[in-house]
Amino acid sequence: MKKRVVLKRYLPPKYIREIGMGILLAMLLLPYFMTILYVVPSADDFANGLNVLRSIQAEGNRYSAIHKITIDSYMGWQGTWSSIYLLSFLLSVTQVNFGAIRLILLLNALLFFFSLWYAIRELCGAFVDGKRSGIRTLMLAGVILTGLSITTPKENLYWLTGACVYTIPFSFALLGACHYARYFQRSTKRDAVICTILGVFAAGGVLQVAAIVNFLYLLIVCLDLKTRGMRIKRIIPFFAVLISALVNTLAPGNYERHQAFATESILIQLFNAFVNTGKILFERISALMAESYLAGILICLVLVIFCSKKTFRHLSINPCWCWAAAMIGTYLSGFPVALGFNRATITIRVAFLLDVTIALFVVSCTAYTAIWIRQKWHTNIRISPSICFVPALILSMNMVFVPMNSMIFYIMPSELLDGTMLRNRQDQLGIIEQIATSESSDVIIMQPLTQSVILKNIGLTSDETHWVNIAVADFFGKKTVRFIEQRE
C-alpha cells in the first residue's frame with residue numbers, strides 16, 4: 001500500500017496512463033521499422049535505377065539526367081513530376097545499393113508515422129485545452145490499429161518506388177495542411193513557406209494524394225472565410241498547390257497511358273469513374289468495419305471523451321458538416337484512382353492510402369462529435385472502477401468477431417519471430433546473386449521462395465518477356481532471366 005502511495009505522489013495517475021499508452025504505441029510501431037532490415041529492391045526499382053544510371057552516363061551530369069527523365073516521364077507516362085524527380089535523385093545517389101535503399105525506407109516510415117502523429121496533434125490542439133492529451137495517443141493508436149490493419153504496407157513502406165510516388169507525398173500533404181492551418185492562426189512567413197513547399201510537392205505526387213492535399217487546403221480556406229472573411233495573401237499557398245495539381249493532371253503522359261486501355265468516350269469514362277469510386281469506398285469502409293477493430297475503438301474513444309476531466313475548447317460547427325466534409329474528401333481522393341484505372345479494382349498501394357485516409361477522417365470526426373455532444377448536453381460522467389473495464393470489454397467483444405491473427409499488426413511480428421522475413425530475404429538475395437554471378441547470358445533460376453505477406457518480392461516470373469524479367473536482365477547485363485519457383 002505504501003508503494004502505491006509513493007508512486008501516486010511522485011507519478012500522478014494521468015502520467016501512468018500516458019506513459020503506458022506511449023509504451024504500447026512504441027511496441028506497436030517497432031515491427032514496422034524492424035521489417036525494413038529485410039527489404040530487397042523490387043520491380044520498378046531495377047527498371048528506374050538502370051534508366052537513371054544510363055541517363056547519367058549519356059548526359060554526363062546527374063541533374064541534367066534527372067531533368068530529362070522527369071520530362072520524358074511527364075510527356076509519355078504520368079504527370080507525377082515531383083515524385084519522379086525525387087525517385088530519380090535518390091536512385092542516382094544510392095545506385096540501387098540495398099543498404100542505402102533501406103535507410104531511405106526507414107526515413108520514409110519515420111516521416112509517415114510522424115505526419116500521422118503531427119496531424120492528430122494539431123487536431124487535438126483544436127479540440128482539447130492543454131499540451132498533454134491521452135486522447136491524442138488513443139486517436140493515433142486507433143488510426144494505426146484500423147487504417148494499417150487490413151492492407152499490407154509492402155508497396156508503401158517497403159518499396160522505394162511506392163514510397164516516393166505514394167507515401168512521401170501523402171506525408172507531405174498531412175504536414176503541409178497542418179502548417180497551412182497554423183499559418184491562418186499565426187500568419188508567420190515560416191508557416192507560409194513550409195505549407196507551400198510541402199503542398200506543391202504533395203500535389204506533384206500520385207493524383208490520389210493531389211486530390212487529398214487540395215481538398216485539405218480548400219477546407220482550411222473555407223473555415224477561415226467563415227470566421228474571418230477573405231484575405232488574399234492567405235489563399236496564395238492554396239493556389240500554388242492547385243496549380244501543381246493541374247500541372248500533374250494535364251500531363252500528356254497521363255492521357256497517352258490512359259487511352260491505351262480506355263475505349264469508351266470521355267463522358268462514359270467519367271460516369272463509370274463516378275460509380276466505381278462509390279464501389280471502391282464502400283468496399284474499403286466495409287472492410288474496415290468488418291475486418292478491423294474500428295467499431296470497438298470508436299466506441300472506446302467516445303467513452304474516454306465522455307469520462308475525461310479535461311477542458312475541451314468550444315466547438316461551434318455542427319459535426320454533420322464535419323462528416324460531410326470527410327465523405328467528400330475521401331470520395332475525391334478515390335475518384336482519380338477509379339478514373340485512371342477505369343475499373344472498380346485498385347492496387348495494394350492505393351488501398352493502403354485509402355484505408356489510412358478513411359481511418360484518419362473517421363477517428364477525427366468521431367472525436368469531434370463526442371466532444372460536441374458532451375458540450376451540447378453538458379455530459380460529465382464521473383469515472384468509476386466499473387467504467388474503466390468497459391473499453392476492455394468492448395474490444396474483447398470486437399475481437400471475438402474479428403480474429404487478431406488476420407491483422408497486419410499481428411502478422412508482421414509473427415513473420416519477424418518465426419523467421420519468415422529472414423528466409424524471404426535470403427531467398428531473394430540468393431536469386432539476385434545467381435543472376436549477377438551467372439556466366440550465361442540466359443539465366444534460369446529454379447529454387448523455392450518463401451512468401452511473405454509484408455515484404456514485396458522482386459517480381460520475377462517464368463516468362464522472360466515479362467517487363468520485370470526484362471528490367472532485371474538489363475540491370476545485371478543479361479540477355480534473359482527466368483525464375484521458376486520450386487515448391488518445398
Side-chain angles (χ1 to χ4, degrees), residues 25 28-29 32-33 35-36 39 80-87 89-90 101-124 136 139-144 146-148 151-183 191 193-217 219-220 237 240-241 244-245 248 329-330 333 336-337 348-361 363-364:
L25 189 61
L28 182 65
L29 293 178
Y32 285 92
F33 296 105
T35 301
I36 296 172
V39 170
T80 54
W81 60 271
S82 61
S83 294
I84 297 300
Y85 194 95
L86 174 64
L87 176 62
F89 173 77
L90 293 176
I101 287 177
R102 290 178 188 132
L103 177 59
I104 293 171
L105 291 176
L106 173 62
L107 297 176
N108 167 63
L110 287 170
L111 177 65
F112 173 71
F113 288 112
F114 173 76
S115 68
L116 290 179
W117 173 82
Y118 197 81
I120 291 174
R121 172 179 173 269
E122 291 299 308
L123 283 169
C124 283
R136 178 176 63 199
M139 288 176 65
L140 179 59
V143 171
I144 294 173
T146 55
L148 280 72
T151 303
T152 173
K154 65 169 62 177
E155 294 188 356
N156 296 83
L157 298 180
Y158 308 122
W159 182 34
L160 181 61
T161 301
C164 290
V165 179
Y166 287 83
T167 315
I168 294 177
F170 181 79
S171 301
F172 281 4
L174 294 182
L175 294 174
C178 291
H179 279 279
Y180 196 32
R182 294 180 69 179
Y183 173 57
D191 286 319
V193 172
I194 292 175
C195 73
T196 303
I197 293 175
L198 293 177
V200 167
F201 183 94
V206 67
L207 288 176
Q208 178 186 5
V209 176
I212 293 173
V213 69
N214 273 273
F215 171 77
L216 292 176
Y217 276 52
L219 184 62
I220 294 169
V241 172
S244 176
N248 186 349
T330 308
S333 70
V337 177
I348 293 174
R349 51 192 177 272
V350 172
F352 179 86
L353 287 190
L354 274 177
D355 290 349
V356 175
T357 303
I358 293 170
L360 190 58
F361 278 142
V363 169
S364 301

* **Check against side chain to side chain contact (heavy atoms under 4.5 Å, CB included), Thr151 and Val356** => CA-CA 10 Å; Thr151 303; Val356 175; over 6 Å; no
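Partners of Tyr118 by ring pair (Phe, Tyr, Trp, His ring centres under 6.0 Å), not counting sequence neighbours, listed by chain and number: Phe114, His179. In terms of the ring pair (Phe, Tyr, Trp, His ring centres under 6.0 Å) criterion, residue partners of Tyr85 (sequence neighbours excluded) are, by chain and number, His67. For Phe352, the ring pair (Phe, Tyr, Trp, His ring centres under 6.0 Å) partners at least two apart in sequence or on another chain are Phe112. Every residue two or more places apart in sequence or in another chain was checked for a ring pair (Phe, Tyr, Trp, His ring centres under 6.0 Å) with Phe170, and none qualifies.
Between Trp117 and Arg136, the shortest heavy-atom contact is NE1-NE, 4.2 Å. Nearest heavy atom pair, residue Ala181 against residue Ile220, reads N-CD1, 3.9 Å. When every heavy atom of Ala119 is checked against every heavy atom of Cys178, the shortest pair comes out as CA-SG, 3.5 Å. Taking every heavy atom of both residues into account, Gly205 and Ser82 meet most closely at N-OG, 3.4 Å. Nearest approach of Val363 to Gly142, heavy atoms of both residues: CG2-C, 4.5 Å. Cys195 and Pro237 get closest at one heavy-atom pair: SG-CB, 3.8 Å.
Within the 4.5 Å cutoff, the side chain of Phe113 has heavy atoms near those of the Leu148 side chain. Side chains of Ser83 and Tyr166 form no contact here, defined as non-hydrogen atoms less than 4.5 Å apart. Taking the side chain as every heavy atom from C-beta outward, Phe172 and Ile197 never approach each other to under 4.5 Å. For the pair Ser333 and Leu354, the minimum side-chain heavy-atom distance is below 4.5 Å. Within the 4.5 Å cutoff, the side chain of Leu175 has heavy atoms near those of the Leu111 side chain. Using a 4.5 Å heavy-atom threshold, the side chains of Ile358 and Thr146 count as separate. Leu174 has its side chain within reach of Leu360: a pair of non-hydrogen atoms, C-beta onward, lies under 4.5 Å apart.
The list of salt bridge (Lys or Arg N to Asp or Glu O under 4.0 Å) pairs with a residue in residues 167-183, not counting sequence neighbours, is empty.
If you take OG1 on Thr196 and OH on Tyr183, they are separated by 8.0 Å, rounding to the nearest 0.5 Å. Atom CD1 of residue Ile168 and atom CG of residue Leu198 lie 12.0 Å apart, to the nearest 0.5 angstrom. Rounding to the nearest 0.5 angstrom, the gap separating the CG atom in Leu140 from the CG atom in Leu25 is 5.0 Å. From Thr35, atom OG1 reaches atom CG of Leu157 across 9.0 Å, with rounding to the nearest 0.5 Å. The distance from atom OG1 of Thr80 to atom CG of Leu87, rounded to the nearest 0.5 Å, is 9.0 Å. The structure places CD1 of Ile348 at 5.5 Å from NZ of Lys154, a figure rounded to the nearest 0.5 Å.
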Between side-chain atoms of residues 102-109 and protein atoms elsewhere (two or more places apart, or another chain), which donor-acceptor pairs fall under 3.5 Å?
| from | atom 1 | to | atom 2 | distance (Å) |
| --- | --- | --- | --- | --- |
| Arg102 | NE | Val39 | O | 2.8 |
| Arg102 | NH2 | Val39 | O | 2.9 |
| Asn108 | ND2 | Asn156 | O | 3.3 |

